[in-house]
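Okay, so here's the structure we're looking at.
All heavy atoms count here, side chains included; hydrogens, waters and symmetry mates do not. Just so it is clear, the model here is predicted, and its values are computed rather than measured. Proteins come first, then strands; the chains are lettered A, B, ... in the order of their sequence lines, and each starts at number 1.
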Number of protein chains: 2
Amino acid sequence: MKISTKGRYALRLMLDIALNDAADPVRLKDTADRQSISVKYLEQIISQLVRAGYVKSIRGPQGGYRLMKQPSEYTVGMILRQVEGNMVPVSCLEDEAIDCERQGQCVTLRIWKELDTAMRSVLDKYTLADLVEWQQEIGDNYII
Amino acid sequence: MKISTKGRYALRLMLDIALNDAADPVRLKDTADRQSISVKYLEQIISQLVRAGYVKSIRGPQGGYRLMKQPSEYTVGMILRQVEGNMVPVSCLEDEAIDCERQGQCVTLRIWKELDTAMRSVLDKYTLADLVEWQQEIGDNYII
DNA sequence: TTCGTTTCCTAGTATGTCAATATGAAATAT
DNA sequence: ATATTTCATATTGACATACTAGGAAACGAA
């Protein structure tokens, strides 16, 4: 019942790009240094975010990544779901779930549904813009 | 980010014992039949619940298991935590977590803390007694 | 045109967790 | 004594996690 490093890193990666948005796009090398995550691992993670249309890439020297939309348009849940899968607590709640014969009688399902709702309400309440704001309150020491 | 079978089965197991409480204690064999879970797997799961003092065992013929307390005294969260571990969404929130140097600057931690709180509020809101009630509303067809 | 930089793509790998099964011992009611 | 039931430990196969590795493709600058 844990969020994987992939999910957590994806969030830090998106936040890092949002925070370091400038004339030049953000290079993975710099994010890797700031976040203490290997470039190679970040490459894998960001490829999913590129495919999802969350970031765009610019290749070659002075290349890097840029957010496609405003930070306020990305909820934390959107980012996590993109790299972690659907983020539901039990597979019965997945869209592709095969109907379980026990479903009609399953009272634990009520708990899982409410848990899912509670998780969504938090993860979809906050956006990258919130994280950016919080980070800026703390100060620039975050940025190398 | 999924609850394991062990957690889900533990809940169904506790519920099954609560529902089938009678003169004789509940045999794992019967629970296994009703719940379509192997006896061997249930043995492993229940051993953790015995050690935790949640159920008591009676050995030998006419043996089985009984709840130690009233169903209303077991929250869903208690049961899950017993077999799943601490159920926090990121290891930073574990009691035994080594302090992360990034902690002071980590704004994502705020999200994880709020997520954890939201999850707890659901999982500790409901007890076995609620599940028993719901199950009895549905009807006896649950019990073979 | 060449060179270095940066992203892109695929494969591999070590470790661990999950979801059980298997084997047999210990206790105990009849 | 015997059958029943719990108790304890080991083993297994499949899969996921968390990476690393190697090289190709794009592209700006010299």
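B/Q82 contributes no side-chain N or O that, together with a main-chain N or O of B/I79, makes up a donor-acceptor pair within less than 3.5 Å. Between the side chain of A/E84 and the backbone N or O of A/G7, at least one donor-acceptor pair lies under 3.5 Å. Side chain of A/Y54 to backbone of A/M68: no donor-acceptor contact under 3.5 angstrom is found.
Applying the side-chain hydrogen bond (donor to acceptor under 3.5 Å, both in side chains) definition to pairs two or more places apart or across chains, those involving residues 117-130 of chain A are A/T75-A/D124, A/R81-A/D124, A/D116-A/R120, A/K125-B/E114, A/Y126-B/E114.
Listed by chain and residue number, nothing satisfies the ring pair (Phe, Tyr, Trp, His ring centres under 6.0 Å) test with B/Y65 (two or more places apart in sequence, or in another chain). The side chain to side chain donor-acceptor pair (under 3.5 Å) check on A/K29 picks up A/D33, with sequence neighbours excluded. Judged as a side chain to side chain donor-acceptor pair (under 3.5 Å), and not counting sequence neighbours, B/S57 has no contacts. In this structure, the side chain to side chain donor-acceptor pair (under 3.5 Å) partners of B/K40, at least two apart in sequence or on a different chain, are B/E43. Remark: B/E133 engages B/E137 in a side chain to side chain contact (heavy atoms under 4.5 Å, CB included) (not counting sequence neighbours). For A/Y41, the side chain to side chain donor-acceptor pair (under 3.5 Å) criterion is met by A/T5, not counting sequence neighbours. With sequence neighbours left out, the side chain to side chain contact (heavy atoms under 4.5 Å, CB included) criterion links B/A18 to B/L67, B/P71, B/L128, B/V132.
Spacing between atom CZ of B/R27 and atom C1' of D/dT6 amounts to 12 Å, rounded to whole angstrom units. To the nearest angstrom, P of D/dA18 lies 13 Å from CZ of A/R12.
Residues A/I58 and A/I45 do not share a hydrophobic cluster, defined by chaining ILVMFWY side chains whose heavy atoms lie under 4.5 Å apart.
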Could you list all N or O pairs between the protein and nucleotides 24-30 of chain D that sit under 3.5 Å apart?
from, atom 1, to, atom 2, distance (Å)
D/dA26, O4', A/R59, NH1, 3.1

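For DNA chain C, the contact window with chain B, defined by any atom under 4.0 Å from a protein heavy atom, covers C/dA19 to C/dT30 in 5' to 3' order.
Mapping B/T5 and A/L28 onto DNA chain C by nearest heavy atom places A/L28 at the nucleotide closer to the 5' end.
Contact check, A/S38 against D/dC19: no side-chain N or O comes under 4.0 Å of OP1 or OP2.
Between the side chains of B/Q35 and B/D16, a donor-acceptor pair is found at a separation under 3.5 Å.
Of the residues in residues 40-51 of chain B, B/K40, B/E43, B/Q44 come within less than 4.0 Å of DNA chain D through at least one heavy atom, sorted by number. Looking at residues 76-84 of chain A, you'll see that no heavy atom sits under 4.0 Å from any atom of DNA chain C.
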